[in-house]
Each structure stands twice: as C-alpha cells, then as structure tokens.
Amino acid sequence: MPDPAPHPWQTSTPSHDPIPSPVPSTDSLADQLRASEARYHALVLATGQISWTASGDGGDGDGRAWQMFTGQDPAQAAAWGWLAALHPDDRERATLAWNAAVAARSIYTIDYRVRRADGVYRWLFVRGVPVYDADGTVREWVGTATDITDRHEAEAALRASAAQFRLLADQIPQLVWMAQADGHIYWYNQRWYDYTGMTPESQAGWGWQSVHDPAVLPLVLDRWERSIAQGEAFEMVFPLRGADGQFRPFLTRVLPVKDAAGQVTQWCGTNTDITAQQAVENALRAANTLKDAFLAIASHELRTPLTSAKTYLQLAQRRLAQSAPLPGAAGDGNSGPTIQQLLSASANALGRLEGLVGDLLDVARLQAGKLTLHLTRMDLCTLVKAVVEEEALAEPERVIQLTERLASEAQQPVWVMGDPDRLRQVVSNYLSNARKYSPPDEPIIIQLRVRRANAQVSVSDRGPGLRREQQAHVFEQFYQVAGITPQQGSQVGLGLGLYICRTLIEQHQGRVGVASRPGAGSRFWFTLPLATQEA
C-alpha cells in the first residue's frame with residue numbers, strides 16, 4: 001500500500017485546547033477574526049457533522065473533530081495514525097482515493113468504516129472540496145464527514161430483500177414479470193428466460209410478443225390494452241412458445257399495483273404452465289363422454305335380455321295357467337313355440353345378462369385392483385383345445401380350424417404360468433368376437449406358436465376388418481367400432497370384452513394386439529412368457 005498523504009483531519013501541532021467561545025466584537029481585525037473562527041466552530045458543532053480542513057498539499061490540517069469522534073489523542077492521530085481508526089478492509093482504498101484527489105486537485109468523495117470512541121464501527125461519507133487561490137493553486141481543502149450508518153444499513157437491508165425476492169421469484173415454478181403503468185415490461189424472473197430461451201434485451205418493453213402464437217396474439221393484445229386502459233386485473237389462457245419451439249398453454253394473471261389515489265403505478269404478472277392440468281381435464285371430459293356412451297349402451301344391452309326373459313316366462317306362465325296341451329302335439333293346431341322352447345330362450349337371455357353383469361364386475365375388480373390371479377404352471381395348448389371344443393358344442397355349424405401344433409395328435413405341451421380360468425376367458429372372448437363378425441360359412445382359424453421365450457395365440461376371421469385408427473382403440477374400455485354390424489342374432493355388447501382381455505394378459509406379463517385390413521378380416525393375438533422348469 002503506498003504511503004498516504006497526511007490525512008485531512010491530522011493536526012501538526014498537538015493541542016488539547018477547548019474550542020474558543022465567541023468574544024465580544026471589537027474594532028481590531030484580530031478580534032474580528034477570532035470571533036468569526038468561534039462562530040465557525042460553533043456552526044460545525046451545531047450541524048452534527050465532522051468538519052475538517054487540510055493544507056493545499058493535503059498535509060497539515062485541523063483534526064480536532066476527528067479526535068473527538070475516534071477518541072484518538074493528537075499524538076495517535078499524527079503522521080499516518082489516522083489509518084488506525086479505519087476498518088482494516090477500508091484502509092488501502094481510502095488512502096489511494098485521497099492521494100488521487102490531492103494529485104488531481106479534484107473533489108474527494110468516499111465512504112468507509114471508522115471505529116468510534118466507544119469501539120463501534122460507523123460508516124462515514126467523506127467529501128472534501130479544494131479551495132483555490134487567485135493563481136489557480138489549491139490553498140486548502142475543506143470537507144465534512146457524515147455518519148451514514150443508518151442509511152448504509154437500510155440500503156444493505158434493501159439489497160438483501162431484493163436478493164431474497166429474486167431468489168424466490170426465480171425458484172417458483174411460474175414465469176413472473178413486472179411492468180410499468182403503461183404496460184412496458186421492465187423485469188422478468190429467470191424462469192421466463194429459461195423457458196423461452198430469449199435474452200433480456202429481446203424481451204424488454206413489448207418484446208414478449210415474439211413468443212406468442214401469431215394467431216392468438218391480436219386477442220391477447222386487445223385484452224391487455226383494455227386492462228391497462230381500465231386499470232383492471234387481467235386473466236387469460238394462451239400458448240407461449242418454449243425454447244424447444246413447442247407451444248404450451250399458460251394461465252396468465254396480471255394484477256395492478258395502485259397508489260393511495262387509486263392510480264396504477266405498476267403491474268405484476270404470472271404465467272402458469274397448465275399443460276398437465278389441461279391433459280387431466282381432457283381425460284376427464286373423455287371419461288365423461290365414455291360414461292355417457294356406456295350408460296346408453298348398458299341400458300339398452302341389459303334391458304334387451306331382461307325384456308326377452310320376462311316375455312318368454314310370462315308366455316310360458318300363461319300357457320301353463322290355461323293348461324293348454326303342448327304346442328305341436330297331435331291334434332294341436334297351435335303353431336307357436338313350445339314351453340320348452342320358451343324356457344330355453346329365457347335361459348339364453350338370462351345367460352347373456354349374466355355375461356354382461358360378469359364383465360361389469362370384472363372391470364370393477366380390475367380398476368379397484370381386487371382381481372386376483374391364481375397362477376399355476378399349465379399347458380396352454382391343452383387349454384386352447386378345450387375352449388375350441390366348448391365353442392364347437394355351442395355352435396356346431398361353425399368351422400374352427402386348428403393349425404399344426406394344435407391339430408397334431410402328438411401334442412407338444414406349451415408351458416406357461418397362468419390362471420386357467422382367466423386365460424380360458426380370454427381365448428373364449430377372442431373366438432366369440434370372431435363368430436360375431438365373421439360370415440357363418442367362413443372358417444375361424446386359431447393358431448398357437450412359440451417364438452423365442454414367448455407363446456402366441458392368435459384367432460383369425462374373415463370379417464369386415466378394421467381401419468388403422470380403429471385398431472388403435474379397439475382394446476380400450478367401452479370402445480364401440482362404428483360402421484360394423486355383427487352377424488344376425490348377435491349383440492354388440494358393452495365394449496368391455498377386449499379391454500378385459502388386454503388387462504388380464506398384461507397382468508400375466510403378456511401383450512395383446514390386432515392385425516387387420518378393411519374387407520380382409522382381422523387377426524387378434526396375445527402372447528405369454530414361457531414358464532421355466534423351476535416355475
């Protein structure tokens with residue numbers, strides 16, 4: 001650190017003399033000078049500031065006020081002793097500034113910490129002004145030192161508060177900004193720049209328009225300008241483009257900050273990404289639509305077998321009540337259905353109703369996580385052949401073709417870990433759908449293949465087939481394929497069968513799928529992992 005010039009408060013002639021009191025006015029010049037000096041010292045004390053003077057070269061000066069403030073005696077303050085009263089971190093900076101001002105003969109301003117007589121450091125703002133002679137040389141320096149500790153602490157507290165605000169504003173998930181009363185945005189939080197990828201220079205003022213959808217921007221501007229004109233809060237949902245180029249929906253809220261007279265002084269705004277919220281809302285709307293569709297279908301599908309069963313049973317009761325001979329008996333001219341046929345039809349209708357209710361119960365258990373699988377190591381080949389035999393008994397005229405592995409007399413087992421009842425339900429549903437939509441004279445082909453570590457069962461029909469967009473939804477809950485009519489005598493159903501199949505197979509760690517073309521039939525399949533010997 002360079003050697004400092006003598007401090008302006010340093011005194012060259014130690015003295016403990018008190019500040020002189022005013023003296024009576026006299027005609028002598030010396031008396032007038034002493035009176036003026038006394039008034040000057042009294043004025044300095046009255047101001048509450050530390051005043052100082054120094055010679056033109058920055059050397060000798062009046063340091064009595066400094067000594068009173070710091071508690072230094074004249075000997076301690078002499079030479080470079082004034083530095084000892086400064087905070088160690090401020091000494092070099094203060095010395096360099098004073099030497100530079102003396103050399104340049106310019107106004108000296110600085111603030112630093114000084115140890116008061118009670119040992120407490122206080123912040124002082126020091127200002128010194130050079131006094132020139134007629135020839136332009138500096139005759140002396142005159143200055144003051146003002147205690148600014150309160151102001152300095154207030155400014156430090158304000159800076160800390162601002163830093164905390166910026167930290168909070170940058171950490172919250174919203175994009176936050178502030179604008180002047182006329183709508184000119186002057187501050188954004190860091191998340192705005194992180195999301196948009198823009199720079200502060202590009203977004204200042206009205207630059208935010210660059211990240212808006214051009215198709216929506218005119219409406220946004222109209223609403224925002226109306227809020228500015230009326231001083232009212234702004235709320236609107238619109239898309240903002242991210243740094244990745246994708247637009248996402250944001251809920252924007254802007255509140256006015258008003259003064260005591262009710263005039264807007266500034267605006268505070270937030271933009272909240274509601275992409276996830278909109279996805280949930282869309283899903284809820286879709287679920288509500290499905291619910292309405294399901295209720296319409298269920299009310300029809302459940303009512304049909306109930307009505308049929310009720311009608312058949314009432315007719316059978318009426319015939320029995322009349323003790324009429326069985327229709328079709330010798331001598332009976334009644335050509336209506338027999339009681340046996342009526343009861344059989346009732347049983348079929350009730351069976352269908354039982355199946356619909358069973359599907360509903362299965363869906364309820366699946367969605368509640370209460371459907372338990374009873375897994376065992378089982379031969380999938382045997383199970384598929386058993387289901388085919390049952391279907392053949394139910395509809396003997398339907399041709400169901402088995403491919404090599406299933407048709408072979410020397411059957412090779414295909415071991416999987418599965419719940420036999422639930423896998424039987426899946427295979428039966430696949431065959432039922434094939435019968436429902438395939439022409440009666442067309443065969444249904446069922447195949448069982450082993451590929452790597454998986455077994456695959458597929459059921460192929462010659463029905464109307466499915467378009468690509470229909471294939472994407474056919475395994476969804478309550479989905480009904482539009483424009484496809486089942487074979488005569490078959491019912492559409494609730495749209496739950498394939499959904500239940502998919503869920504059951506996935507719980508077996510398998511997969512489902514469909515391959516189809518309009519007019520060329522469909523092939524529905526599922527896969528299951530092969531079981532190991534240890535299983």
Side-chain angles (χ1 to χ4, degrees), residues 1-15 19 37 40-133 135-163:
M1 183 174 74
D3 291 339
H7 194 273
W9 296 329
Q10 175 187 331
T11 178
S12 58
T13 306
S15 173
I19 297 175
E37 210 172 282
Y40 164 74
H41 283 295
L43 178 62
V44 168
L45 290 176
T47 62
Q49 292 185 325
I50 302 171
S51 63
W52 55 271
T53 61
S55 60
D57 61 1
D60 295 340
D62 182 359
R64 282 177 292 177
W66 172 269
Q67 296 160 22
M68 292 174 61
F69 182 82
T70 63
Q72 289 182 318
D73 59 34
Q76 292 173 327
W80 322 123
W82 61 276
L83 285 174
L86 270 64
H87 192 283
D89 295 342
D90 298 339
R91 291 169 187 171
E92 181 177 4
R93 180 171 59 87
T95 301
L96 292 174
W98 173 242
N99 285 338
V102 170
R105 300 188 302 170
S106 60
I107 294 177
Y108 170 65
T109 58
I110 191 173
D111 59 290
Y112 48 64
R113 287 160 290 183
V114 176
R115 187 179 61 247
R116 202 168 56 186
D118 59 3
V120 176
Y121 279 99
R122 304 288 290 180
W123 279 95
L124 299 182
F125 172 71
V126 181
R127 179 179 176 86
V129 179
V131 179
Y132 298 96
D133 279 329
D135 61 359
T137 61
V138 177
R139 183 176 71 246
E140 64 176 342
W141 294 78
V142 177
T144 59
T146 307
D147 190 331
I148 60 168
T149 304
D150 292 342
R151 189 187 77 185
H152 200 278
E153 291 177 349
E155 291 174 349
L158 183 61
R159 287 192 296 270
S161 177

Examine distances only and state if a side-chain atom of [X] and a backbone atom of [Y] form a donor-acceptor pair shorter than 3.5 Å.
X      : Y      : value
Thr70  : Gln72  : yes
Thr137 : Asp133 : no
Arg115 : Gly71  : no
Asp90  : Tyr112 : no
Trp141 : Val131 : no

Going by atom types only, do Thr144 and Arg127 share a side-chain donor-acceptor pair under 3.5 Å?
no
Is it the case that more than 12 heavy atoms not belonging to Arg116 sit under 6.0 Å from its CZ atom?
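Atom CZ in Arg116 is crowded, with more than 12 foreign heavy atoms closer than 6.0 Å.
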Atom pair [atom1] ([X]) and [atom2] ([Y]), whose distance is rounded to the nearest 0.5 Å:
X      : Y      : atom1 : atom2 : answer
Leu83  : His87  : CG    : NE2   : 14.0 Å
Thr149 : Leu124 : OG1   : CG    : 6.5 Å
Glu92  : Leu86  : CD    : CG    : 12.5 Å
Asp111 : Phe125 : CG    : CZ    : 7.5 Å
Arg105 : Tyr132 : CZ    : OH    : 6.0 Å
His152 : Arg122 : NE2   : CZ    : 12.0 Å

Evaluate side-chain contact (heavy atoms from CB on, under 4.5 Å) for Thr109 paired with Ile107, printing each intermediate quantity in order.
CA-CA 7 Å; Thr109 58; Ile107 294 177; 4.0 Å; yes
Would the Tyr108 and Trp98 ring centres measure less than 6.0 Å apart?
yes
CA sep, side-chain torsions, deciding dist, call: Ile110, Val126, side-chain contact (heavy atoms from CB on, under 4.5 Å)
CA-CA 5 Å; Ile110 191 173; Val126 181; 4.0 Å; yes
side-chain contact (heavy atoms from CB on, under 4.5 Å) evaluation trace for Trp123 with Asp147
CA-CA 6 Å; Trp123 279 95; Asp147 190 331; 5.5 Å; no
